[in-house]
Amino acid sequence: MKACVIACFFGENIENVYPAMKSCDAYFFTNNPNIKSTIKANGWNYIFIDFPLSKDEAVSSFQSKYIKFLQFLEHEEYAFFKNYDVIVYVDHKLKLTDFHIKYALSKLGRYKILVRDHPENRQNIWEEVGTAMFQERYLRYMPETIDWIREKIKEGYSDKSTVATTGLIFYKHLNNDAINFVNNVYNDLKKIGTSECQIVWSMLAQKHSNIIKIISWNELDIKWEDPKKEDRYFTPKAVLKLFIPFGLLELWKIIKR
């Protein structure tokens, strides 16, 4: 299967990005032109999205959902993405590797979408609500979010549901059912005003279990943190290169894994 990886960052508060995968094409979307050189230096194809550059995390976080939930595919300029069998969305804070991609693809099977569950194995939407209260960009829209949850429960959805994490999503051969699902997630987020997509995703996914596969968080050991810029002159690796022959440096790297 021909796969590509997409990542994004909207806003100003970013220092670096993780290196792109080597096994497939990689595209990084942003509305911040100041990080173009950083994106390209790390092996990504740079794609500029003309959204207002905001310091408000609630605004920037919602802008990223345009990429995460594949809304950009509606535009003709991105028609080339239809040439891929699989589109892998990864949060910019996840250090994804070629191994992770290969492993997840082996788990997709007949499903159209693959995500991971929560590391705390949350089985109730209200657990996610409680955690979201500690982040201002989510708390700001929590009354509307709770109203939305209650309305969905009236429609037949359950608050007792596996909470999926959406920092890593595999999309494969998307059919109408899958496209309608991600569109509904995006449109309901827009209706609420929030960017807390794990609540909305986990509720709406209940009626799409035939196309969505959830694997355990622990099946993929992926580093989660902001990619920081290294000081190229004073890192231990840089100093060692000055005094240790290349072969010994490679041996040291292997030992330290």
Side-chain angles (χ1 to χ4, degrees), residues 1-8 10 27 29 47 49 51 61-91 104-105 107-118 122-125 128-129 132 138 141 144-215:
M1 289 186 291
K2 186 177 181 181
C4 71
V5 176
I6 60 173
C8 66
F10 291 85
Y27 302 88
F29 298 78
I47 299 182
I49 299 291
F51 286 170
S61 181
F62 181 78
Q63 289 172 338
S64 71
K65 311 311 173 191
Y66 180 79
I67 306 303
K68 176 182 283 192
F69 300 123
L70 307 181
Q71 300 303 296
F72 66 95
L73 293 181
E74 297 179 358
H75 297 279
E76 187 61 31
E77 64 184 299
Y78 303 118
F80 65 89
F81 279 97
K82 295 178 182 178
N83 297 325
Y84 295 102
D85 302 306
V86 177
I87 297 176
V88 183
Y89 167 82
V90 62
D91 190 286
L105 289 179
K107 295 290 184 177
L108 260 168
R110 62 177 178 83
Y111 294 93
K112 301 297 182 183
I113 299 172
L114 181 144
V115 289
R116 296 190 295 167
D117 69 4
H118 196 278
R122 292 178 182 166
Q123 298 297 318
N124 192 304
I125 295 296
E128 184 70 16
V129 170
Y138 300 151
Y141 301 100
E144 293 86 353
T145 303
I146 291 174
D147 287 344
W148 178 87
I149 293 172
R150 289 172 174 164
E151 186 61 35
K152 289 302 172 184
I153 291 174
K154 290 179 182 178
E155 293 176 11
Y157 291 87
S158 174
D159 56 358
K160 295 177 178 60
S161 175
T162 298
V163 176
T165 56
T166 57
L168 178 64
I169 308 174
F170 285 73
Y171 297 106
K172 183 188 77 171
H173 296 305
L174 295 181
N175 58 13
N176 289 336
D177 193 15
I179 291 295
N180 288 338
F181 168 68
V182 292
N183 286 346
N184 287 338
V185 171
Y186 181 81
N187 290 333
D188 277 14
L189 286 170
K190 188 175 182 180
K191 177 182 177 181
I192 297 168
T194 187
S195 59
E196 217 296 9
C197 55
Q198 291 183 175
I199 291 174
V200 173
W201 175 289
S202 298
M203 287 286 283
L204 297 184
Q206 294 173 24
K207 296 188 177 181
H208 295 275
S209 59
N210 61 313
I211 62 169
I212 301 174
K213 183 177 181 64
I214 303 176
I215 64 172

Inset, instruction - Check Y171 against V182 and note the closest heavy-atom contact, atom names and distance. - result: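 Result for this residue pair: CE2-CG1, 3.6 Å.
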List, one per line, each side-chain donor-acceptor pair under 3.5 Å for residues 203-215, sequence neighbours excluded.
from, atom 1, to, atom 2, distance (Å)
Q206, OE1, S158, N, 2.9
Q206, NE2, S158, O, 2.6
Q206, NE2, S161, OG, 3.4
H208, ND1, D177, OD1, 3.1

Looking at side-chain heavy atoms only, is the closest gap between [X] and [Y] below 4.5 Å?
X	Y	answer
Y141	S195	no
K112	H173	yes
F181	I113	yes
I169	L114	no
L73	I87	yes
L70	L174	yes
I125	Y157	no
I6	K68	no

Hey, could you give me the [atom1]/[atom2] distance between [X] and [Y], rounded to the nearest 0.5 Å?
X	Y	atom1	atom2	answer
Y138	S61	OH	OG	4.5 Å
F69	K190	CZ	NZ	14.5 Å
N175	N180	CG	CG	8.5 Å
E151	I149	CD	CD1	12.0 Å
N183	E74	CG	CD	6.0 Å
F170	R116	CZ	CZ	9.5 Å

Check whether any side-chain N or O of [X] sits under 3.5 Å from a backbone N or O of [Y] as a donor-acceptor pair, and report yes or no.
X	Y	value
Q198	T166	yes
T165	H118	no
D85	K2	yes

Inset, instruction - Any chance you could lay out the side chain to side chain contact (heavy atoms under 4.5 Å, CB included) test for L105 and M1, step after step, and finish with the verdict? - result: CA-CA 9 Å; L105 289 179; M1 289 186 291; 4.3 Å; yes
Inset, instruction - For E76, look at atom CD and say whether over 12 heavy atoms of other residues, nucleotides or ligands are found less than 6.0 Å away. - result: no
Apply ring-ring contact (aromatic ring centres under 6.0 Å, His included) to [X] and list each qualifying residue two or more places apart in sequence or on a separate chain.
X	result
F62	Y186
Y111	none
F10	F51

Inset, instruction - Sequence neighbours left out, what passes side chain to side chain contact (heavy atoms under 4.5 Å, CB included) with I47? Give chain and number order. - result: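 By the side chain to side chain contact (heavy atoms under 4.5 Å, CB included) rule, I47 matches Y27, F29, I49, Y78, F81.
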Legend entry - salt bridge (Lys or Arg N to Asp or Glu O under 4.0 Å) partners of R122, counting only residues at least two apart: E120, E128
Inset, instruction - Apply side chain to side chain contact (heavy atoms under 4.5 Å, CB included) to N124 and V163, showing your working. - result: CA-CA 7 Å; N124 192 304; V163 176; over 6 Å; no
Inset, instruction - Before giving the answer on side chain to side chain contact (heavy atoms under 4.5 Å, CB included), spell out for T194 and L189 the whole-Å C-alpha distance, their side-chain angles and the decisive distance to 0.1 Å. - result: CA-CA 6 Å; T194 187; L189 286 170; 3.8 Å; yes
